[in-house]
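Every value quoted in this text rests on a predicted model; they were computed, and no experiment measured them.
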Amino acid sequence: MSTHNENADKIILGDQEVLKSELLTLNMGPQHPATHGVLRVEIKTDSEIVVDAIPHLGYLHRCFEKHAENLDYRGVIPFVDRMDYLAAMSMEWGYALTVEKMLGTEVPKRAEYVRVLVAELQRIASHLVFFGTYGIDLGAFTVFLYCFEDREEILRLFEELSGARMLYNYIWIGGVWNDINDSQLNRVKAFCDRFEGELHKYHTLVGENKIFIGRTANVGIISEKMAFDFGATGPILRASGVKWDLRKNRPYSIYDKFDFDIPVGVGEKGTVGDCWDRYHVRVLEMFESIKIIRQVLDGIEEGPVMGKVPKIIKVPAGEIYMRTECPRGELGYHLISDGGKTPYRLKVKSSCFTHVSILPAIAPGLMIADMVASIGSIDIVLGEVDR
Amino acid sequence: MHSQIVDFLNKNVPGCNPVINAPVAVVGDQSITVAAVNILEVCRALRSSPEFAFNVLQVITGTDYPDRIELSYILASYSKNLELILKTNLPRGDKNNLSKINSVVSVWSAANFQERETYDMIGVDFVGHPDFRRILCPYDWDGHPLRKDYVVQEKYLDMVVNPPAKNNTDDQMFGKRLKEELGDPKRVSASWKDNTAGADAAEAKDGE
């Protein structure tokens with residue numbers, strides 16, 4: 001950590017004292033490969049050392065919440081897809097659960113299993129994008145190609161299920177749109193068997209690489225206190241050493257049936273909560289997802305996939321706050337209804353939005369190259385930040 | 001849990017008038033409304049209480065009603081596994097005179113971005129915020145989009161907002177044509193697989 005003092009002629013970086021130079025303002029983004037979308041970070045640097053980082057958001061702002069106030073409850077789902085476009089299934093599921101809880105709809109058992117299956121596959125697909133692009137951020141190009149090949153397999157399955165590769169509109173209020181057949185389930189099983197070994201290989205290729213460890217260990221540390229203070233959730237909170245997962249601690253749907261662990265960061269290569277820990281937690285989460293998918297394949301029951309839902313959905317007046325565990329953190333929907341056909345107010349608690357606010361706190365004292373490593377390890381999707 | 005919190009607040013923050021809002025129907029969440037002037041003390045007390053320990057601010061959101069603006073602070077405790085919707089009411093105010101409330105950034109740093117978003121979207125002035133600007137809309141935007149009476153400004157920096165030439169009318173025309181040509185759009189909307197079986201099968205598949 002460095003301390004910046006306007007009047008001092010030297011600043012402290014780590015354990016060294018270096019000469020101070022005039023501040024330089026540098027724009028990272030809006031079009032920068034390391035920001036994973038259109039995010040502009042205004043960086044003030046003292047030679048190579050970042051003194052201040054100010055994120056400027058809103059380049060993808062579509063005011064989804066205003067749209068939602070003018071749409072019926074079913075019509076909101078395609079809009080929800082477009083928030084976190086790398087994990088659209090999880091976004092839909094959270095919304096469907098919110099409305100179902102207000103309506104008191106009973107979702108058929110098979111639909112619950114299919115939902116868990118697609119959500120966990122989506123988690124793997126989403127973490128694979130992180131894995132690949134994080135490699136690129138740090139100069140390791142090869143793993144990106146491996147990751148996208150495996151992700152392609154998941155996307156192909158989703159395409160067969162829903163007709164779309166990224167924005168599915170698959171999970172509907174009351175169930176899922178289309179049933180999954182046995183040959184698709186067998187494919188998922190084969191994928192799990194193959195992918196588990198592959199993932200070990202990728203982790204050895206990237207995570208145990210000396211250069212990768214040098215770039216990520218002890219960089220961009222988010223302590224437990226800081227994570228709570230900024231409201232961090234998901235892999236970032238777990239990488240800071242907090243054993244918290246909504247799927248275990250406040251189980252929704254049928255997650256209480258499954259047996260899996262919550263991986264946490266232990267500071268294996270550096271300090272707890274550094275970039276390497278965040279990377280490692282996501283890799284371990286993929287293994288846990290495989291574990292859940294295997295249990296789904298064993299337990300899935302025959303039956304319908306769509307429950308009884310009224311033709312015109314009118315949610316009773318009242319409000320609800322429902323959060324679910326998405327690949328990037330907790331997603332919360334705060335729905336206020338006045339009993340009409342459209343939501344009176346639908347507020348989305350986006351985890352990426354919260355995580356961007358940590359950036360100014362961890363940036364001071366980092367090198368510019370470490371800034372890239374930090375933004376990459378937080379893994380933001382700008383569609384969800386700006387909504 | 002809510003009645004315990006009300007007792008706790010009555011004891012620790014005198015004058016904040018906590019009231020439990022029961023859900024209107026049988027479903028949904030309960031919430032607690034407190035007086036707007038005491039919001040900072042209430043938040044500080046709830047965070048530091050050993051009994052509840054609301055150590056995380058999930059979200060701050062506002063809702064525009066005809067007579068008031070309702071702010072919801074959604075708090076969570078990760079050590080006690082609790083969740084609370086804390087509410088407060090403010091007058092609506094107008095463009096040049098937004099209603100004011102104390103900022104809670106000193107309690108949770110997460111409030112920084114959340115309050116900026118609430119100001120941007122709903123239009124509430126958070127007094128004592130360290131970096132008070134818009135966040136999602138451009139910094140010189142006019143109006144607060146999530147107010148119910150919001151009208152989009154016609155021109156922004158001499159550019160026409162929402163010009164008719166850029167409106168996408170193709171999808172509207174498509175829907176219109178579909179209705180004219182097919183009569184009953186449900187015949188194709190449910191699934192292409194059941195198209196031959198006719199409208200009844202499509203309806204059955206909807207499960208409605």
Side-chain angles (χ1 to χ4, degrees), chain A residues 54-58 61 63 65-66 69 101-104 174-175 177-178 226 228-233 237 242 244 249-250 304-311 315-323 330 332 334-337 339 344-345 347-350 353-354 356-358 360-361 385-387, chain B residues 21-31 55-65 70 72 74 76 78-79 81 83-85 87 107-114 116-118 120-122 131 133-139 141 145-148 150 190-193 203 205-208:
Chain A
I54 308 159
H56 294 270
L57 317 175
H61 181 54
C63 213
E65 289 160 20
K66 190 81 177 173
E69 285 172 15
K101 212 169 170 195
M102 283 298 265
L103 285 173
W177 173 63
N178 195 4
M226 205 166 145
F228 279 135
D229 193 25
F230 280 93
T233 48
L237 184 68
V242 183
W244 174 274
N249 297 65
R250 295 173 81 89
V305 290
M306 197 70 192
K308 287 262 176 254
V309 183
K311 203 154 212 165
V315 169
E319 69 172 319
I320 193 165
Y321 182 68
M322 178 86 202
R323 43 189 179 138
E330 285 173 19
H334 185 214
L335 171 69
I336 298 180
S337 165
Y344 189 77
R345 176 87 168 89
K347 164 77 190 177
V348 179
K349 186 258 160 182
S350 136
F353 184 74
T354 316
V356 175
S357 72
I358 306 179
V385 173
D386 295 339
R387 281 157 288 144
Chain B
N21 307 315
V24 184
V26 272
V27 290
D29 289 342
Q30 281 190 334
S31 58
N55 52 357
V56 171
L57 173 76
Q58 289 262 321
V59 69
I60 298 177
T61 142
T63 313
D64 187 21
Y65 288 104
E70 187 184 76
S72 307
I74 300 177
Y78 281 45
S79 47
N81 205 349
E83 208 176 84
L84 172 71
I85 304 178
K87 292 194 164 192
V107 188
W108 300 281
S109 301
N112 188 331
F113 270 35
Q114 298 292 346
R116 277 174 69 187
E117 194 194 341
T118 310
D120 192 356
M121 292 292 139
I122 294 284
D131 180 23
R133 309 176 268 144
R134 282 178 182 269
I135 189 163
L136 293 174
C137 292
Y139 297 128
W141 193 254
L146 283 179
R147 290 205 171 204
K148 296 278 179 187
Y150 171 73
S191 167
W192 48 269
K193 278 191 295 194
E203 225 166 314
K205 193 172 176 356
D206 272 353
E208 288 165 347

Is it the backbone or the side chain of [X] that comes under 4.5 Å from a heavy atom of chain A, or both, or neither?
X: B:N55; answer: both
X: B:D131; answer: neither
X: B:L84; answer: neither
X: B:R134; answer: neither
X: B:I85; answer: side chain

Considering only heavy atoms, which portion of [X] lies under 4.5 Å from any heavy atom of chain B: side chain, backbone, both, or neither?
X: A:V385; answer: backbone
X: A:K101; answer: backbone
X: A:S350; answer: neither
X: A:T354; answer: side chain
X: A:L237; answer: side chain
X: A:I336; answer: side chain
X: A:I54; answer: side chain

How long is the gap from [atom1] on [X] to [atom2] on [Y], to the nearest 0.5 Å?
X: B:E117; Y: A:R387; atom1: CD; atom2: CZ; value: 4.5 Å
X: A:Y321; Y: B:T61; atom1: OH; atom2: OG1; value: 10.0 Å
X: B:S109; Y: A:F228; atom1: OG; atom2: CZ; value: 14.0 Å
X: B:C137; Y: A:D386; atom1: SG; atom2: CG; value: 10.5 Å
X: A:K347; Y: B:T118; atom1: NZ; atom2: OG1; value: 6.0 Å

Going by heavy atoms in the side chains, are [X] and [Y] under 4.5 Å from each other?
X: A:I358; Y: B:F113; answer: no
X: A:H334; Y: B:Q58; answer: no
X: B:Y78; Y: A:T233; answer: yes
X: A:E69; Y: B:K148; answer: yes

If you count heavy-atom pairs under 4.5 Å with chain B, which of [options] comes out on top?
options: A:H56, A:M322, A:R250; answer: A:R250
options: A:R323, A:E65, A:M102; answer: A:R323
options: A:V242, A:I320, A:L103, A:V315; answer: A:I320

Look at the rings of B:Y65 and A:Y344 and say which category their plane angle falls in: under 30° parallel, 30 to 60° tilted, over 60° perpendicular.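 It falls in the parallel class, under 30°.
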What option among B:A76, B:A110, B:A111 has the most heavy-atom pairs under 4.5 Å with chain A?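 Ranked by contacts with chain A, first place is B:A110.
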Can you tell me which of B:V56, B:I74, B:N112, B:L57 forms the most heavy-atom pairs within a distance under 4.5 Å of chain A?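 Option with the greatest count: B:I74.
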Would you call B:K87-A:E319 a salt bridge at under 4.0 Å N-O?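 A:E319 and B:K87: salt-bridged.
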Give the minimum heavy-atom separation between A:C63 and B:M121, together with the two atoms involved.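 For A:C63 and B:M121, the tightest heavy-atom pair comes out as SG-SD, 4.1 Å.
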What residues form a side chain to side chain contact (heavy atoms under 4.5 Å, CB included) with A:P304, not counting sequence neighbours?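 A:P108.
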